[in-house]
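To find a chain, count down the sequence lines: A is the first, B the second, and so on, and within it residues start at 1.
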Number of protein chains: 2
Amino acid sequence: MQTNLTRKQQEVLDFLISNKDTFPHPPTLDELCLAMGLKSRGSLHKHIQGLINAGFVEAPNRKQRGVRLIEQTAADYTESPELPSKDQGTPFIGSIAAGSPIEAIPNISYMKIPDEIKTDNPCYILQIKGESMIDIGIFDGDWVIIEQQSHARNGQVVVALVDKTEATLKYIEQYPHETVLIPANKNMQAMHFAPTQVEIQGVLVGQMRSYK
Amino acid sequence: MQTNLTRKQQEVLDFLISNKDTFPHPPTLDELCLAMGLKSRGSLHKHIQGLINAGFVEAPNRKQRGVRLIEQTAADYTESPELPSKDQGTPFIGSIAAGSPIEAIPNISYMKIPDEIKTDNPCYILQIKGESMIDIGIFDGDWVIIEQQSHARNGQVVVALVDKTEATLKYIEQYPHETVLIPANKNMQAMHFAPTQVEIQGVLVGQMRSYK
DNA sequence: AAATAATTGTTCTCTCTTTGTTCTTGGTTT
DNA sequence: AAACCAAGAACAAAGAGAGAACAATTATTT
């Protein structure tokens, strides 16, 4: 048993360890793919195979029992403080209104939000000002959870920074010659830009509202 | 006795444990099928058989009928949940679809939600099935946070139990002679009831949605 | 009380989906 | 070039569900 893990194998192992409590059952390959953003079981399987050989993961003899850490591996990482693990929550960094820059609030606060409305990647929270997304149920005053990333697929809802000045939350459609930002509001118009004008700052992954 | 249960076996076991107090008699296979949404005794029987082999469920003898947990299994799960009473979050207890009873999920899970979308009083979480509240931005699949209380002011959104059987999330208007439940959906009709028919189970205080 | 009907646990077969596995292809990094 | 990695096709076995049939037991009717 040699501990010569490749970068990806290490990444998978880290993920398994840090999330071992969040899965109700040992995760299947498909579930792991989903959780880690992979699209192919086959690819993941090779990494798991490496972890099995290295002695970190149980060998599932063709049984459908999910990916299980060897007990020792799991135990090693339970009691170790594993850094202060200072998970203070998800940062609430300001408000966004169509057509203005993101208005940062003076001092960032943190909210504890459930995993169901965020992702495992870095996220932040914005408060919505305006009606530009009411057709998909995002109202004035709602909070949205944004996964921080700089790319998106067509049809996703993104925080887009236009001309480095105006930030909006819109559907995005990217073509070679132009980028279109589409509000979810029948009364508003789609806007067309040169691709270089639009910078993606994150994609929508969750939303919250208070009725108090 | 090794704990190599399949997912379904685990699900059945969880259901048995969390509902062991709600059955007057040990449930028969048919009753369990009904409660868990299965249609075939034969399928369930296989899972029960697995639980018997694993030592969680008593083997049936000719006399005593119904599915009974091994005493030890039952005991293990009775005293644990209550004691710590540490804040494990807000309970997610099931789904609500206009016109059906609240569908409880097998085992209650807990979500950590921010104070902003709940209150200081006891709250619980339901998942919405259906379109009856889309006009106020509550969509199919959304979670709602409900503050547990049995009264409400006119115009509030409440979880209402009608005739002790049907649960819905609606605006409420209470008058001496009648109670009106109003959906937030232009295409749906308000419903009128005698005040005694309608029982309030909580009022809406928050909402969440995932876009993953 | 005897006869009949309904319920219950059990076993079987058939079908469909899910899951682990293997391979091939092509891309990226070192 | 070599190692690493992603994607996807294809496959066998496991897992899971539906339903039929049957014997034993319990409930109901006659």
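Listed here is the closest heavy atom pair of Asn185(B) and Glu131(B): ND2-O, 2.8 Å.
Using a 3.5 Å distance cut-off with no hydrogens or angles, the side chains of His47(B) and Gln9(B) do not pair a donor with an acceptor. There is no side-chain donor-acceptor pair under 3.5 Å between Gln149(B) and Gln201(B). The closest side-chain donor-acceptor pair between Gln49(A) and Asn53(A), if any, does not fall under 3.5 angstrom.
With rounding to whole Å, Glu11(A) atom CD is found 13 Å from dA6(D) atom C1'. Here dG15(D) presents its P atom at 14 Å from CG of Leu51(B), a figure rounded to the nearest Å. Rounded to whole angstrom, the span from the CG atom of Leu34(B) across to the P atom of dA18(D) amounts to 12 Å. Between Leu29(B) atom CG and dA18(D) atom C1' there is a gap of 15 Å when expressed in whole angstrom units. In this entry the distance linking CD of Gln64(A) with C1' of dA12(D) reads 11 Å, nearest Å. Rounded to whole Å, atom C1' of dG26(C) lies 12 Å from atom NZ of Lys46(A). One can place CG of Asp30(B) at 14 Å from P of dA20(D), the figure rounded to the nearest angstrom. Protein atom NZ of Lys39(A) is 16 Å distant from nucleotide atom C1' of dA9(D), rounded to whole Å.
When heavy atoms are screened at a 4.0 angstrom cut-off, Thr6(A) is found touching the sugar-phosphate backbone but no base atom. Looking at heavy-atom distances under 4.0 Å, Leu44(B) makes no contact with the nucleic acid at all. Across all strands shown, Leu38(B) has heavy atoms under 4.0 Å from sugar-phosphate atoms exclusively, and none from any base.
In terms of position along DNA chain C, the nucleotide closest to Gly66(B) lies nearer the 5' end than the nucleotide closest to the other residue of the pair Gly66(B) and Gly42(A). Positionally, the nearest nucleotide of DNA chain D for Lys8(A) lies more toward the 5' end than for the other of Ser43(B) and Lys8(A).
The side chain of His45(A) places an N or O atom within less than 4.0 Å of a non-bridging phosphate oxygen (OP1 or OP2) of dT21(C). Using a 4.0 Å cut-off, no side-chain N or O of Arg41(B) falls inside it from OP1 or OP2 of dT7(C). For His47(B), a side-chain nitrogen or oxygen approaches OP1 or OP2 of dG17(D) to under 4.0 Å.
You won't find any donor-acceptor pair under 3.5 Å spanning the side chain of Ser40(A) and the base of dA6(D), going by distance alone.
Ion pairing between Lys118(B) and Glu147(B) fails under the 4.0 Å rule for side-chain N and carboxylate O.
Comparing dT30(C), dA16(D), dT19(C) against the side chain of Arg7(A) picks out dT30(C) as the nearest.
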